[in-house]
Amino acid sequence: MTEGNGNGNGAVPAPRQDPGEVIGVRRGMFGADKGGDTSGYGGLVRTVRLPGASRRPYGGYFDEVADELEGALEEQGLVPGEVIEKTVVDRNEVTFHVAREHLLQVTRTLRDDPALRFELCTGVSGVHFPGDKGRELHAVYHLRSITHNRVIRLEVSAPDSDPHVPSVVEVYPTNDWHERETYDFFGLIFDGHPALTRIMMPDDWQGFPQRKDYPLGGIPVEYKGAQIPAPDQRRSYS
Amino acid sequence: MSTPTTHATAGIRETTEGTVYDVTGGDWDEIAAAAARSDDERIIVNMGPQHPSTHGVLRLILEIDGETVTEARCGIGYLHTGIEKNLEYRTWTQGTTFVTRMDYLTPFFNETAYCMAVEKLLGIEGDIPDRANVIRVLLMELNRISSHLVAIATGGMELGATTVMIFGFRDRELVLDLYELITGLRMNHAYIRPGGLSQDLPPGTVDALREFLKKMKKNLPEYDALCTGNPVFKARLKDIGHLDLAGCMALGATGPILRSAGLPHDLRKSDPYCGYENYDFEVPTVDTCDSYGRFLLRLEEMRQSLRIIEQCIDRLEPGPVMVGDKKIAWPAQLALGPDGLGNSLDHIKNIMGTSMEALIHHFKLVTEGFRVPPGQTYAAVESPKGELGVHAVSDGGTRPYRVHFRDPSFTNLEAMAAMCEGGQVADVIVAVASIDPVMGGVDR
């Protein structure tokens, strides 16, 4: 990978990033959820930010993929800046944040364009960020190109009030079960899925278990005479 | 009761006990007779979730017409234990204890994939000591052998070939003995930890490995002798569970299923991790697209794994097995006592008797854990079943914010319908066995 050395002419400058979106705030030394912070640092406030958008050059094959994708989208009469909200390069991985209404077209382009050719979709993973107002639910896709030996990540988001994301099953049939799983656990509705039903939980289950506001559950157990609270009721640090 | 009313179809008879309405026959006779004449034997059958040939609690819903399967669907979720949710309530290190239980036949792959994701998030993937990487590769290849042996053994058992089953489990026992020697446990090891390993190999491991290699080289040809040329075995497996390359790609099938369609895709070669680029091995393929080809591939992959294990033994150089960063490395020096793995007495003496700072450090790291910078990552390994991917998200805390496992069994099982529809009921068992799904991994 290209690591910016900073000194010397011709060195690739390190990618500059914007501060990134805030997903939460931590207080105190340990982030203890109950009990006082006796460390003397109880007043510490730290903002938690996800890695922000990167600017070019992204490094490695990321620029090539981004160029090809933007070119292909322009050919289809789309404005790349509207389709790809931002591009994040972090830890040697690239993430394209795609506007949800264009997801289907982007995945089709990524699969069919010979210069891109991402044949293998490894499914979709949901993430719930209750603190990310207006974009609480994220769907994350990892695409692998066996032809070019590349991996990229697509991320789309939907607000909690309108949890709809287009289904990519018609492009990647493998996502059938993966989308059902993400619906089952996060309540993300994949429009256009052939049969979006629960897959892991019983059909009549209420609620979406992997959301952050859904409790883990569990009951306190007695061990060697002491009551051990359920895992989500224990004192914890973060 | 008033006078009996007449009905269009029901016959009425007066008896000493009262009116008897006779509803048989009527104008349905003709329809009933026509239905009886039809040869439509279309029925819907539930295979499982409690059925020895469904690899645990897999429920197959088959629509069959005579002996032909016209539609096949899977019902899964019977073994869903919420591991991904549970991870969010434990520290990053405790996570290994959970992920090892996902696909219980490939614990070291789960642990390695998870630890690689955590290490990527921490930015320490380059700092893992060589010895730790060699032992990871060693254990993964041992695990590939034990997983393939179960696939072949249970597959044989389902055909009635109980000798194959006995042989498979006999040889798997040799691998499990090695696990027990190295990690202290036969399964659910939690041996691979973020940053390296929980402990070094115990004395005598290399000798045991050499002994194992010797035995396996003697035993592996027995599967060839028993099955490969066996006409009954070939008749049952050839052209069964057909899935061509286009089908594999569309359905995201990886591992032996994809390689049985002729594509030599293996993450160990295409996207090497843990130093796989330094090992000499081949990725076998066949182009039969069927269960028989997958069986041959599993046999050949075991031979290649033995080659890699031999190279691992040669590469084992003395050295640390955990990153040097004491903010991440588990502070307790573990020791194998008579009652299993635990903190070593020397360590307990040190933290309880001599060093207050060591005690504080131990307590902080064990109860609170380490913080992982915010962000997300994807780490993938080539498990015996295909691409095992881990999508890990951190919010900068001491616990995972979200961990998602892309388990190959889950994705490969999607191909069940494509493999079985149009075939016979007996072939469903062969096709499912060639997918080698493990419900612990499918349902998580």
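In what follows, chains are A, B, ... by sequence order, proteins preceding strands, each numbered from 1. What you are looking at is a predicted structure, and each value in this text was computed from that prediction instead of being measured.
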Is chain A contacted by the side chain of [X], its backbone, both, or neither, given a heavy-atom distance below 4.5 Å?
| X | answer |
| --- | --- |
| T254(B) | side chain |
| P373(B) | both |
| L79(B) | neither |
| L267(B) | side chain |

Please tell me whether [X] and [Y] have a donor and an acceptor in their side chains that are separated by less than 3.5 angstrom.
| X | Y | answer |
| --- | --- | --- |
| E387(B) | T122(A) | no |
| Q376(B) | E155(A) | yes |
| S125(A) | H391(B) | yes |

Most chain B-contacting option - heavy-atom pairs closer than 4.5 Å, from [options]:
| options | answer |
| --- | --- |
| I146(A), T95(A), V171(A) | I146(A) |
| P209(A), P202(A), G218(A) | P209(A) |
| D176(A), V151(A), L50(A), I199(A) | I199(A) |

Measuring heavy-atom distances to chain B, does [X] have an atom under 4.5 Å in its side chain, in its backbone, in both, or in neither?
| X | answer |
| --- | --- |
| H128(A) | backbone |
| R211(A) | backbone |
| R198(A) | neither |
| R111(A) | neither |
| Q210(A) | both |

task = Take F410(B) and E181(A) through the side-chain contact (heavy atoms from CB on, under 4.5 Å) test and state the conclusion after the steps.
result = CA-CA 11 Å; F410(B) 178 81; E181(A) 187 185 328; 3.3 Å; yes
Rounded to the nearest 0.5 Å, how far does [atom2] of [Y] lie from [atom1] of [X]?
| X | Y | atom1 | atom2 | answer |
| --- | --- | --- | --- | --- |
| N149(A) | D271(B) | CG | CG | 6.0 Å |
| R144(A) | S270(B) | CZ | OG | 6.0 Å |
| H265(B) | E119(A) | NE2 | CD | 9.0 Å |
| Y172(A) | L251(B) | OH | CG | 14.0 Å |

request  = Using atom types as modelled and distance alone, determine if a side-chain donor or acceptor of K85(B) lies under 3.5 Å from a backbone N or O of F185(A).
outcome  =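 Such a contact is absent between K85(B) side chain and F185(A) backbone.
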request  = Without swapping roles, check the side chain of R91(A) against the backbone of T377(B) for a donor-acceptor pair under 3.5 Å.
outcome  =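 Judged by distance alone, no pair lies under 3.5 Å.
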query = Near D112(A) CG, under 6.0 Å, is it more than 12 heavy atoms from other residues, nucleotides or ligands?
reply =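 Yes, enclosed.
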Could you have a look at [options] and say which one has the most heavy-atom pairs with chain A under 4.5 angstrom?
| options | answer |
| --- | --- |
| A253(B), G77(B), G75(B) | G77(B) |
| R406(B), K120(B), E414(B), E368(B) | E414(B) |
| D395(B), V393(B), T411(B) | D395(B) |

query = Does Y401(B) have K212(A) sitting over its ring (NZ/CZ under 6.0 Å from centre, angle to axis within 45°)?
reply =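 Verdict for Y401(B): a cation-pi partner in K212(A).
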Shortest non-hydrogen contact between [X] and [Y], atoms and distance:
| X | Y | answer |
| --- | --- | --- |
| I76(B) | M200(A) | CD1-CE, 4.1 Å |
| P374(B) | V48(A) | CG-CG1, 4.1 Å |
| P51(A) | G375(B) | CD-CA, 3.7 Å |
| H404(B) | V124(A) | NE2-O, 3.7 Å |

task = Specify whether Y378(B) and H142(A) have parallel, tilted or perpendicular ring planes, treating 30° as the upper limit for parallel and 60° as the lower limit for perpendicular.
result =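 Rings of Y378(B) and H142(A): parallel, under 30°.
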task = Find out whether D232(A) and E88(B) are in side-chain contact, i.e. whether some heavy atom of one side chain is under 4.5 Å from a heavy atom of the other.
result =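 Sidechains of E88(B) and D232(A): no contact.
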